Amino acid sequence: MSASSPAPNGKRVLLANPRGYCAGVDRAVVTVEKALEKYGAPVYVRKEIVHNKHVVDTLRERGVIFVDETSEVPEGALVVFSAHGVSPAVHEEAAQRNLRTIDATCPLVTKVHKEVNRFARDDYDILLIGHEGHEEVEGTAGEAPDRVQLVDTPDDVDKVTVRDPSKVVWLSQTTLSVDETMERVGQLKERFPELADPPSDDICYATSNRQFAVKAMAAECDLVLVVGSENSSNSKRLVEVALQAGAKDAHLIDYASEVDEEWLRDVETVGVTSGASVPDVLVFELLDYLAERGWEDVQEVTTANEKITFALPRELRDEKIRSGVR
Ligand code: SF4
């Protein structure tokens, strides 16, 4: 796991592993690609299939039309629901409009939806830790809007009200900072000592693995570059985690061309990682950019080996899972 000493010019790159595409993103992107192959363009996708500019732009060029709401999809057309999941209301609206649907919701998001349903059935108040306005949170809360309250900031902890303090559970968005979430849980438990924990971790393996890897190298880094988009929750968390874990500076970029040369002034060790929705081609472009400026020595910092894959949605099961957008 630990990296060796810098090259003679003092410049080195520490490359986080795991980084980039997770199983849920791979599945969602392949779902759209296979839907294009099988049914032809246009394929409508509600919201960005995954929160990455490059992926979305590439799929748009291949004939995908991204919409914000199912009401924008012509009657009878094919629509794919994104990896972040949708509420039952969205499924109902699609059915009313006779849309053909393929659901690319990540199975780990579906797991949280099922937990909401189960605890709502058992008459719990559910405190959902997550970021206000994020699509995943809207879909998850939409499973039981009368029972779910969103807890985003410490202020929200003071605001929530429950009917019975002995029947309250916390659940979370899958892509949060592990440490910050546990902080919020601690604050909630001060108010509700009987607060129940989720049956298993809601923050997914990919989010926590990427945070763990960046933490392992951050203290050695003068600068950490996280490849990811501004609307990607797990990518933004990687920047925060890097800074909290001791990186002197950290930035989120979509492309190598967004690196500001000023960031590289007096820098020896650059840490590189990427969010769960980022194809590795963008990381390699960044490594090329850095190599051209003297950072040729790349040392991988490996903290886990991920082997998880998910089957494609039922409608496309005969297809092999392998994305062209990598
Ligand atoms: S980040 Fe986690 S929850 Fe989101 S798509 Fe990837 S595996 Fe699924």
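Just follow the structure's listing: the first ligand is 1, and inside any ligand the first atom is 1. It should be emphasised that the depicted structure is a prediction, and the values quoted were computed from it without experimental measurement.
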### Query
Distance only, no hydrogens: is a donor on one side chain within 3.5 Å (strictly under) of an acceptor on the other, for N231 and E48?
yes
### Query
Can you tell me which residue and heavy atom of the protein come closest to atom 7 (S) of ligand 1, and the distance to 0.1 Å?
C22 SG, 3.6 Å
#### Entry: K47 bridged to E138 by N-O distance under 4.0 Å
no
### Task
Could you find the nearest protein heavy atom to atom 1 (S) of ligand 1 and give me its residue, atom name and distance?
C204 SG, 3.6 Å
### Task
Verify the distance criterion only: is there a donor paired with an acceptor across the side chains of N234 and T175 at less than 3.5 Å?
no
### Query
Given G24, C106, G85, which has its nearest heavy atom closest to atom 8 (Fe) of ligand 1?
C106
### Query
Do you see a donor-acceptor pair shorter than 3.5 Å between the side chains of D179 and S177?
no
### Query
To which of T174, V112, T207, L108 does the heavy atom nearest atom 4 (Fe) of ligand 1 belong?
T174
